[in-house]
Amino acid sequence: ERPEAWVRANLSKPYLAIWHELRGEAVYDVQTESDAQGSIQVTRSFTLPAVWQVHQLRSNKKFLFSELSKNVLCACSKARAQGLSARKVYYFLKTQEFRYHRFEIPLERSTNIPNEVLDAIKSTFDMVYRPNVPYRATGVTLSGLVPEGLAQNDLFGRGAKSASWQAVFNTVDKLDRRYGSRTLILGSALEAYKRRKERPERLLRIPFMGEVA
């Protein structure tokens with residue numbers, strides 16, 4: 001029953017989310033369909049270093065896609081660690097007013113390769129992104145999970161190309177286990193890693209340049 005200003009001043013962020021939910025304003029996604037095979041979700045709110053940059057970056061298209069790229073990297077890494085591939089990807093941009101701009105994409109082939117997931121997101125990103133709107137978070141969910149390696153072959157060579165990328169990212173996973181998480185990253189995620197305030201000792205990373213811009 002307290003006003004929003006009081007909640008913001010006296011309670012932490014999760015309580016503010018609950019405050020909105022209790023007033024019928026959706027903050028958390030609602031799973032309305034049973035998904036026996038589960039899903040993998042990665043989402044983070046932005047942590048930006050300089051106050052004057054906040055509005056500029058939170059409405060910046062390149063920065064937002066870079067944040068999504070970072071989420072996709074993490075989600076696909078988790079899927080590979082569990083021996084799973086996704087048949088669908090769902091992603092969202094969350095505004096400062098806790099409104100969700102979202103899209104769900106059925107994938108042509110089940111995959112856990114970030115390049116392939118990002119190609120699907122790229123094709124719809126302009127329909128989700130709103131210019132000059134400040135955002136506070138991005139998120140990615142991989143769903144329709146199946147055991148890795150069940151994707152069917154096709155007539156256009158995509159299966160062979162995917163197998164090649166699978167070998168590449170298996171090597172990337174080995175390097176991550178040996179030298180630390182995200183030793184190699186996609187070039188499209190570099191902006192997000194550079195802008196992050198947390199863990200500054202890990203900001204110098206080698207962008208993985210194999211992806212198509």
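Just so you know, these numbers come straight off a predicted model, no measurement behind them.
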> Does any pair with a residue in residues 125-144 pass salt bridge (Lys or Arg N to Asp or Glu O under 4.0 Å), and if so which ones, sequence neighbours excluded?
Replying inline: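 For residues 125-144, and leaving out neighbouring residues, the salt bridge (Lys or Arg N to Asp or Glu O under 4.0 Å) pairs sorted by first residue read Lys61-Asp126.
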
Testing the basics here: between [X] and [Y], what is the closest heavy-atom pair and its distance to 0.1 Å?
X	Y	result
Val7	Leu16	CG1-CA, 3.9 Å
Ala120	Leu107	CB-CD2, 3.8 Å
Pro114	Arg80	CD-NH1, 3.7 Å

Please tell me if the side chains of [X] and [Y] come closer than 4.5 Å, counting only heavy atoms from C-beta onward.
X	Y	result
Ser77	Phe169	no
Ile113	Cys76	no
Val140	Leu68	yes

Distance from [X] atom [atom1] to [Y] atom [atom2], nearest 0.5 Å?
X	Y	atom1	atom2	result
Arg99	Lys94	CZ	NZ	13.5 Å
Ile40	Thr141	CD1	OG1	10.0 Å
Ser188	Leu73	OG	CG	7.0 Å
Asn170	Asn112	CG	CG	8.0 Å
Lys174	Tyr179	NZ	OH	13.0 Å
Ser69	Asn115	OG	CG	10.0 Å

> Quick check, are the ring centers of Phe65 and Phe125 under 6.0 angstrom apart?
Replying inline: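 Ring centres of Phe125 and Phe65 closer than 6.0 Å.
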
>> side chain to side chain donor-acceptor pair (under 3.5 Å), that's the test. Do Tyr90 and Ser39 meet it? Break it down for me.
In response: CA-CA 10 Å; Tyr90 160 88; Ser39 61; over 6 Å; no

>> Could you check whether Arg23 makes a cation-pi contact with Trp19, meaning its NZ or CZ is under 6.0 Å from the centre of the six-membered ring and within 45° of the ring axis?
In response: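 Arg23 over Trp19 ring: yes.
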
> Is the side chain of Arg87 donor-acceptor paired with the backbone N or O of Gly144 at a distance under 3.5 Å, no angle test?
Replying inline: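 Such a contact is found between Arg87 side chain and Gly144 backbone.
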
> So, does Asn71 use its side chain to make a donor-acceptor pair with the main chain of Thr138 at under 3.5 Å?
Replying inline: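 Side chain of Asn71 to backbone of Thr138: a pair is present.
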
> Linking I/L/V/M/F/W/Y whenever their side-chain heavy atoms sit closer than 4.5 Å, directly or via other members, would Leu118 and Val42 fall into one cluster?
Replying inline: no

> Does any pair with a residue in residues 66-85 pass ring pair (Phe, Tyr, Trp, His ring centres under 6.0 Å), and if so which ones, sequence neighbours excluded?
Replying inline: none

>> Just to verify, what does Glu21 make a side chain to side chain donor-acceptor pair (under 3.5 Å) with, not counting sequence neighbours?
In response: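 Result, side chain to side chain donor-acceptor pair (under 3.5 Å) vs Glu21: none returned.
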
> Which residue, Tyr135, Phe92, Tyr91, forms the ring-ring contact (aromatic ring centres under 6.0 Å, His included) with His101?
Replying inline: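 Of the listed options, the one satisfying the test is Tyr135.
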
>> Would you call the rings of His20 and Phe98 parallel, tilted or perpendicular, taking 30° and 60° as the class edges?
In response: tilted

